[in-house]
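Structure, as structure tokens:
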Amino acid sequence: LADATLKGLKALVTSGPTFEPIDPVRYIANRSSGKQGHAIAAALARMGAETTLVSGPTRLPDPPGVTTRHIETAAEMLAACEAALPVDVGVFAAAVADWKVARPANQKIKKDDSGRTPALELAANPDILQSMSHAGARRPKLVIGFAAETENLIAFAKAKLEKKGCDWILANDVSPDRGTFGGDRNTIHLVTQANSEDWPDLSKLEVADRLGRRIAAHFGRVHA
Ligand code: C5P
């Protein structure tokens, strides 16, 4: 499928975790490595798409040929995504923190000798996938999200598709025994409004290539 091309298309990809500050030195984060999102951004760029990657903090180098925007919080990720619109395709692979700290402290929170512990009040973060799916005239023509589940993959992915308003969901099994988080492999089920496809166990790089080819096919860019 060397003839699958994304030339002339614009792509937006999110990747990695978000960091939500507690105070100037502490934050809430998660175990996302960014490997899958970065691989997707690299694959789309290699296939010719003008690609923007909005990435939370990861240990990965910026993918070649990609415009990478580094952010920390979900609010910053949303703003960077909005600034990247309009695009033809959006792939939202980031593990966005569901909650932020409602009122992060301006100074480092001190231990006190009484043994009292601070209580963190949380507030909901914006849902970037859902917000991009409802961006009206600026909505990416094809909106793709991920669903990390430990059971009932397809049913939960279908429900997520409806709830978020996106076009495709890549559902993956993140049961601890699969080692998906931080690992190099992924077993994907591509769920669309119409049907679902089971992909074989693939490396995250292969998943990225396969997704790139599916996107090319969607836009009629595959010449067999
Ligand atoms: O709701 P849940 O976190 O399971 O949804 C996962 C999908 O939604 C992923 O594509 C993720 O990138 C996206 N998401 C997002 N913003 C959030 C939460 C999830 O873009 N605040």
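Every number for a ligand or one of its atoms is a count from 1 in the order of the listing. Atoms considered below: every heavy atom in the structure, side chains included; atoms not considered: hydrogens, waters and symmetry mates.
Under 3.5 Å, the side chains of Thr187 and Asp201 contain a donor-acceptor pair of N or O atoms. Neither side chain, Ser32 nor Asn30, offers a donor N or O lying under 3.5 Å from an acceptor on the other.
Note that Arg214 lies in the cation-pi zone of Trp168, set by a 6.0 Å cut-off to the ring centre and a 45° limit from the axis.
Atom CZ of residue Arg210 and atom CD of residue Glu197 lie 6.5 Å apart, to the nearest 0.5 angstrom. Note that CG of Asn186 and OG of Ser203 are 9.5 Å apart. Values are rounded to the nearest 0.5 Å.
Between Tyr27 and Glu72 the shortest side-chain heavy-atom distance does not fall below 4.5 Å.
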Using a 3.5 Å cut-off on N/O to N/O, what pairs does ligand 1 make with the protein? A line per pair would be great.
residue	atom	partner	partner atom	Å
ligand 1	1 (O)	Lys164	NZ	2.9
ligand 1	4 (O)	Lys160	NZ	2.4
ligand 1	5 (O)	Lys164	NZ	3.1
ligand 1	8 (O)	Lys164	NZ	3.3
ligand 1	10 (O)	Phe92	O	2.5
ligand 1	10 (O)	Phe146	N	2.7
ligand 1	10 (O)	Phe146	O	3.4
ligand 1	12 (O)	Phe92	O	3.0
ligand 1	12 (O)	Ala94	O	2.6
ligand 1	16 (N)	Ile128	N	2.9
ligand 1	20 (O)	Ile128	N	3.4
ligand 1	20 (O)	Leu129	N	2.8
ligand 1	21 (N)	Pro126	O	2.8

